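For clarity, every value in this text was computed on a predicted model and none was experimentally measured.
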Amino acid sequence: MENLLCEKGEMIEQTLLLDDSETQKGGFRTLPFILGNAALTNAATSALTPNMILYLMNEYHMDMTTGSNIIYMWSAVTNIAPVVGAFMADSFVGRFQMIGLGSVVTLVGMFMFWLTSVIPQARPPPCVNSNNICRSAEMFQLFFLCFSLGIVAIGAGAVKSSSLAFGSDQLKREVYQDNARLMERYFSWYYASYALSILVALTCLVYIQVNMGWALGFGAPVLLMLFSTLLIYLGTPFYVKLKPKSSLITGLFQVIVASYRNRCLKLSSQSEDIQYHQKKGSTVVLPSEKLRFLNKACIVQDPRLDLSPDGEAIDPWRLCTVDQVEELKALLKVVPIWLTGVVLSINISQNTFPVLQANTMDRHIGSSFEIPAASFGIFAVISAILWIVLYDYLILPIASKMTGKPAHFSTKERMGFGLFLSFLSVLVVAVVEGVRRSIAIKEGYLDDPEGVIPMSAMWLLPQNSLTGFAEALHAIGQNEFYISEFPRSMSSVAASLLGVGMGVGSLLASSIMSTIDDLTKRGGEESWVSSNINKGHYDYYYLVLAGFSLVNILCYIVCSKAYGPCKEEVMEEEKP
């Protein structure tokens with residue numbers, strides 16, 4: 001869900017040229033193909049995650065820690081792959097080719113994963129119930145499982161990296177550029193279809209897995225992915241296809257390399273003594289004094305050797321423009337605040353235990369319908385959407401009436417409040433789990449982790465709601481913060497930063513769980529993160545996460561003050 005929210009501010013700023021043959025293409029007739037492909041791909045891939053821990057534990061006989069670590073790694077690749085895909089699409093292969101190739105790769109990966117549910121030899125044999133003997137997966141079976149999930153993550157990342165941008169490319173012809181409302185409608189449709197696909201995945205597709213078996217449950221997403229792949233190629237005759245060009249990410253790496261290669265240059269305190277390489281048409285003449293060592297990347301040592309006759313750098317890996325240097329400085333400046341968001345991503349990535357927790361609680365609504373344990377994540381999605389609506393149409397109007405002037409909460413305030421709500425969410429999980437575990441032991445379910453206790457699963461709604469509110473607040477606030485602080489040319493970097501943060505958060509979550517597992521099971525004790533959640537102490541585990549979150553809030557306050565006023569705060573102060 002955070003990926004959906006963080007994309008809201010991503011705007012495409014590249015100056016790519018169109019072929020003459022492309023001028024009659026594009027427009028709204030292409031959007032059903034692009035939006036359909038994106039929505040179906042997201043629905044298909046999102047349907048695999050909710051029940052994955054149950055599949056790994058029941059069919060592959062993994063313990064909780066091993067299964068969770070596989071899911072964490074898969075999540076990390078899923079979140080980082082779009083960054084790599086965007087770089088490849090912008091610099092080498094183009095957006096349409098990236099979406100098409102990604103769709104095919106995702107289809108292949110999902111088909112391979114489906115085979116694990118229909119071919120008995122692809123997974124360990126069933127446990128012998130009489131003796132409770134379970135064979136672990138063989139090396140080839142594990143390799144096939146992980147390889148298929150990796151292919152799905154890479155392919156879905158390739159599609160996600162370019163879908164939003166490719167759709168906006170179709171509306172950039174001159175006839176559309178004068179009507180900003182058309183572009184706004186496209187973004188609204190994109191986010192609406194994205195949210196709808198998540199709701200379908202968490203309800204319909206999860207329901208099929210639970211009630212009709214793994215083969216049908218994982219086969220349905222394969223069919224959706226097949227339709228998604230066909231759909232994107234059906235619109236081929238109508239697409240505007242922009243030529244790939246150098247990526248902004250490449251320029252950032254060029255500054256790092258150039259500043260290192262020019263590390264022996266002396267920086268003068270007198271700016272007029274140094275000639276800097278400027279981008280044509282840029283208003284940025286001199287580099288800032290912060291992080292001065294990077295300024296060496298844009299110093300012209302000998303114009304005859306460093307510059308071509310048209311004023312361009314002969315070797316862009318030795319000489320960069322002032323704009324490139326300032327872009328990298330802007331990125332480095334937000335790193336401390338970005339790191340505080342990684343801790344929130346650790347909390348959000350805890351999507352394995354909640355499924356096991358819900359699986360042991362009374363999930364009935366009425367006498368006949370039972371909510372699947374993996375579908376409770378839908379309440380976080382609904383809460384995030386609800387917050388967005390309430391913030392614009394209820395909270396701000398009420399605050400404006402109370403203050404007597406237009407109210408506005410800064411991006412840093414919203415990010416901070418999002419971190420606080422995330423802290424509250426893991427604290428609530430710890431409290432609810434402590435109550436659930438006590439009831440399970442009292443009812444005699446200590447050795448039966450799948451036994452359903454007399455406790456309503458509606459107790460899980462507060463923690464899911466808080467998680468959704470935290471995601472909405474922090475993701476949108478962080479994205480808007482980047483957009484306002486970065487130069488205009490870096491607006492597409494915001495989504496990349498958030499994606500990388502989520503990937504890093506998943507990796508750290510895996511490390512934390514493994515460390516706690518190793519420390520708490522020493523001396524023959526039951527691990528806090530045991531596969532038997534009634535014997536384990538997930539309430540203690542979530543208290544540890546709450547401790548990390550509390551420290552993180554304090555770090556955020558320090559980093560926010562050290563950062564100083566952001567541009568929107570300066571503009572507010574300058575208003576009469």
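- The aromatic rings of Tyr239 and Phe33 sit perpendicular, their planes meeting at an angle over 60°, well past the 30° parallel limit.
- Residue Leu319 is tested with Arg261, Gln254, His277, Gln301 for a side-chain contact (heavy atoms from CB on, under 4.5 Å); the sole match is His277.
- A donor and an acceptor atom, one from each side chain of Asp310 and Ser308, are located under 3.5 Å apart.
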Could you list the donor-acceptor pairs under 3.5 angstrom formed by side chains in residues 81-89, with sequence neighbours left out?
none

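- Ring geometry for Trp528 versus Tyr540: interplanar angle over 60°, hence perpendicular rather than tilted (30 to 60°).
- Applying the salt bridge (charged side-chain N to carboxylate O under 4.0 Å, His left out) definition to pairs two or more places apart or across chains, none involves residues 145-158.
- Applying the ring pair (Phe, Tyr, Trp, His ring centres under 6.0 Å) rule to Tyr563 yields the partners Phe481; only residues at least two apart in sequence or on another chain are considered.
- When all heavy atoms of Trp338 and Gln478 are compared, the pair lying nearest together is CA-NE2, 3.8 Å.
- Between Phe147 and Phe143, the ring planes lie parallel to each other; the angle is under 30°, not in the 30° to 60° tilted range.
- Between Arg414 and Glu480 there is a salt bridge, since at least one side-chain N of the basic residue sits less than 4.0 Å from a carboxylate O of the acidic one.
- Ring orientation note: the planes of Phe420 and Phe423 are tilted relative to one another, at an angle of 30° to 60°.
- Taking the six-membered ring for Trp and the full ring otherwise, Phe409 and Phe417 have centroids separated by 6.0 Å or more.
- Geometrically, Arg263 engages Tyr260 in a cation-pi contact defined by less than 6.0 Å to the ring centre and at most 45° from the axis.
- Of the listed residues (Ile34, Leu31, Leu164), just one forms a side-chain contact (heavy atoms from CB on, under 4.5 Å) with Tyr190, and that residue is Leu164.
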task: Show your working on ring-ring contact (aromatic ring centres under 6.0 Å, His included) between Phe353 and Tyr542 and close with a plain yes or no.
output: CA-CA 10 Å; Phe353 167 71; Tyr542 274 88; 5.7 Å; yes
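- Here the closest heavy-atom approach between residue Met98 and residue Val93 is recorded as CE-CG2, 3.4 Å.
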